[in-house]
Each structure stands twice: as C-alpha cells, then as structure tokens.
Amino acid sequence: MEESEDVPTDYFESSFGKIAYYTEGKGPKLILLHAAGHDHHDFDSIMPTLTNKYEVIRIDWPGHGKSIWTSEKEISAIYFPILLKEFLNKKAPEGSTLMGNSIGGFAAMKLSLDHPHLVKGLILIDTGGMNELDFFSKTFIKLKSSPWFTSLVWNLFPRFYIKIENTHTIQILNRVKKSKFAPQAIETNALLWKSFLDEKYNLRDKVSQIQKPTLILWGKNDPVIYPKFGKDLNERISNSELVLLETGHIPFAEDPERFLQFTFGFLAKYNL
C-alpha cells in the first residue's frame, strides 16, 4: 500500500535552512533523529507505541524529506548538532530524551556534550561518531563522497545494511529509492559522507564525558557500523547499557517489538 503524503506539523527556521518537524502524542518529549539518506518515516514502526506515553517529535535533517539546506556553507554532519541545539532551544528548552540512529546518534551525543541541559537521556542506535577507520572503511567513505558512486549504489547500499525484510523495512527501501530523484539528494548524501572523515565527526575520545543515562542499541549484523563500536561506546560512557539485537543497521524497523521492549525498560528505569 502506498503511503499518503504527510504534512509537517510546522517548519523551523534554523541558521542552516528550513527544517520540517512532526509532533505526535502527549507526555515527556522524545526527539527522534534519523540516518543519512532516510527521513522521519524510518520510525513509523514504533510510533503508535511511543505516542501512547510520549510527545514524539521527529525532524527531517536538511536535504531530507521536506527540509531544505540554504546555508552558503557546504552541508556537513558537523553542523547537525548546532541545528539541533537551535531547534531544541525553541521547542524543548526544558530538556528531552534523544533517540538517534547513525548520523542522528552522532548529533545526539555531540549535543549532550556541548549542551547537556537540553538532554535528559540518550538512546543511541548503531550510531556514528566513533571513528576508528580501517583502510577499507576510509576507501569506502571516499568513494561514497563522490556523487557518481553514491548514485550507483543508491538502492543497493540500504539493501546491504538492512538485514530483516518486513513491511517496515520494505517501506523504508521504497522511500529511499524514491528519494534519489529529489533535488540535490545525491549531492547532499555524498557531501554528508565526505564529512564523516572530518576530525570533528570523531567523538571517540570525548564520549566518556557524557553524564546522561544512555541506552545503546546495536544490530549484531550491522555491516556498516560494526557492533564493536557499540561495545567501545558502552565501555566509554559510564552511565550506559548495551543491547545487541539480531538485526542490521536499523533495529527499530527490523525488530520493533524487541527494540521497544528494551527502550521502555530504559525509559522507565530512569523515569524519562
């Protein structure tokens, strides 16, 4: 069944462009941050359950979904935490729990380090920002930084890192396939991958400073950001717990039931 066209709750004018965001539910605020090349719909599989207890706010990163990058600066992952700070200063100045996947996890960690008053807790899912790149990883990132290569593997790459096929993951793959034809989508994705080599994207030596309760959820079969990085992150953040799931890079869509089981256990434990 084809998804209906959704309308953002509103737009937020950031320093980097107009950001579409979507708000549902009532309760404590829970901010959901998607991966590069995806959009807020990634979390559709867990939304009905989360919105029973939380006010869930999903954003589309610039150059994704209905959000637009208008800055003269070249789009880069290192600006996403700044954009997130601007957004939360307006929409959740009292603090909220952040749930971030991949590049979204990087933004959540960086915000927690720089502006801890805006963060009550972290749920980090196969997160970026823990750079310890071998030759193969660096080579692939350099290739992915090229628009021609990004275009070539656009549909193949998500099929590589999503390991469980179900209704939710099929819908994600269909959205990714469709998004290739959005204006500047390929260039945006290539530039974001280029930024993964920026030293500012590497938080590995800083994450031990994170003081917030942290749940780390990781797919055992993630072929892109390996589980060893989740284990390393768990060892470095003192107030953290690690759960490995039998999934690829997007556990909340690949195995929503078990993902929610651990998520709600964590939220209840810390009264978030």
Side-chain angles (χ1 to χ4, degrees), residues 14-20 31-40 42 59-65 67-88 98 100-115 122 124-154 157-158 160-161 176 179-180 182-207 210 222-226 229 232-233 249-250:
S14 76
S15 298
F16 303 98
K18 188 167 71 171
I19 306 304
I31 314 299
L32 275 50
L33 308 168
H34 66 79
H38 292 247
D39 65 22
H40 72 281
D42 272 16
I59 72 169
D60 282 335
W61 290 124
H64 299 71
S67 295
I68 303 170
W69 181 269
T70 57
S71 172
E72 293 182 358
K73 296 178 180 178
E74 185 175 271
I75 191 168
S76 167
I78 64 172
Y79 297 126
F80 284 13
I82 302 172
L83 180 154
L84 185 59
K85 177 204 70 173
E86 294 177 1
F87 179 79
L88 295 178
L98 308 183
N101 177 215
S102 200
I103 197 172
F106 160 76
M109 290 194 298
K110 180 64 171 161
L111 187 78
S112 182
L113 288 166
D114 294 346
H115 305 281
L122 294 170
L124 304 173
I125 311 156
D126 297 69
T127 183
M130 290 292 288
N131 294 28
E132 188 185 41
L133 303 176
D134 55 22
F135 174 78
F136 175 80
S137 299
K138 288 181 180 178
T139 301
F140 184 77
I141 290 174
K142 287 177 181 178
L143 282 170
K144 198 71 171 58
S145 302
S146 303
W148 70 267
F149 185 80
T150 284
S151 178
L152 180 68
V153 302
W154 190 272
F157 189 48
F160 171 63
Y161 60 70
V176 170
S179 70
K180 181 179 182 179
Q184 298 184 314
I186 293 171
E187 181 184 3
T188 293
N189 193 262
L191 288 172
L192 286 177
W193 274 81
K194 176 184 174 183
S195 71
F196 296 163
L197 293 174
D198 191 317
E199 187 56 35
K200 292 180 181 178
Y201 189 73
N202 187 2
L203 303 178
R204 193 164 180 266
D205 294 331
K206 299 177 181 178
V207 292
I210 293 175
D222 188 339
V224 180
I225 309 181
Y226 310 134
F229 294 116
D232 186 20
L233 188 61
H249 190 58
I250 311 182

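- Atom CG of residue L143 and atom NZ of residue K138 lie 14.5 Å apart, to the nearest 0.5 angstrom.
- Here the straight-line distance linking atom CZ of R204 with atom CG of D232 works out to 4.5 Å at 0.5 Å rounding.
- Remark: side-chain polar atoms of S179 are paired, donor with acceptor, to backbone N or O of V176 under 3.5 angstrom.
- Under the 6.0 Å cut-off for aromatic ring centres, F149 and W193 do not qualify, their centroids lying 6.0 Å or more apart.
- Atom NZ of K180 has more than 12 heavy atoms from other residues, nucleotides or ligands within 6.0 Å.
- Note that the OG atom of S67 and the CZ atom of F16 stand 13.5 Å from one another [nearest 0.5 Å].
- There is no side-chain donor-acceptor pair under 3.5 Å between N101 and H34.
- Ring orientation note: the planes of H38 and Y161 are tilted relative to one another, at an angle of 30° to 60°.
- In this structure, S145 contributes its side chain and I141 its backbone to a donor-acceptor pair below 3.5 Å.
- Residues H64 and D39 have side chains that never bring a donor and an acceptor to within less than 3.5 angstrom of each other.
- A distance of 6.0 Å or more separates the ring centres of F106 and F80.
- Separation of atoms CG (L192) and CD1 (I103) is listed at 4.5 Å; rounding is to 0.5 Å.
- No donor-acceptor pair closer than 3.5 Å links the side chain of S76 to the backbone N or O of S195.
- Not less than 6.0 angstrom separates the ring centroid of F140 from the ring centroid of F196.
- Interatomic distance, K206 NZ to L113 CG, rounded to the nearest 0.5 Å: 8.0 Å.
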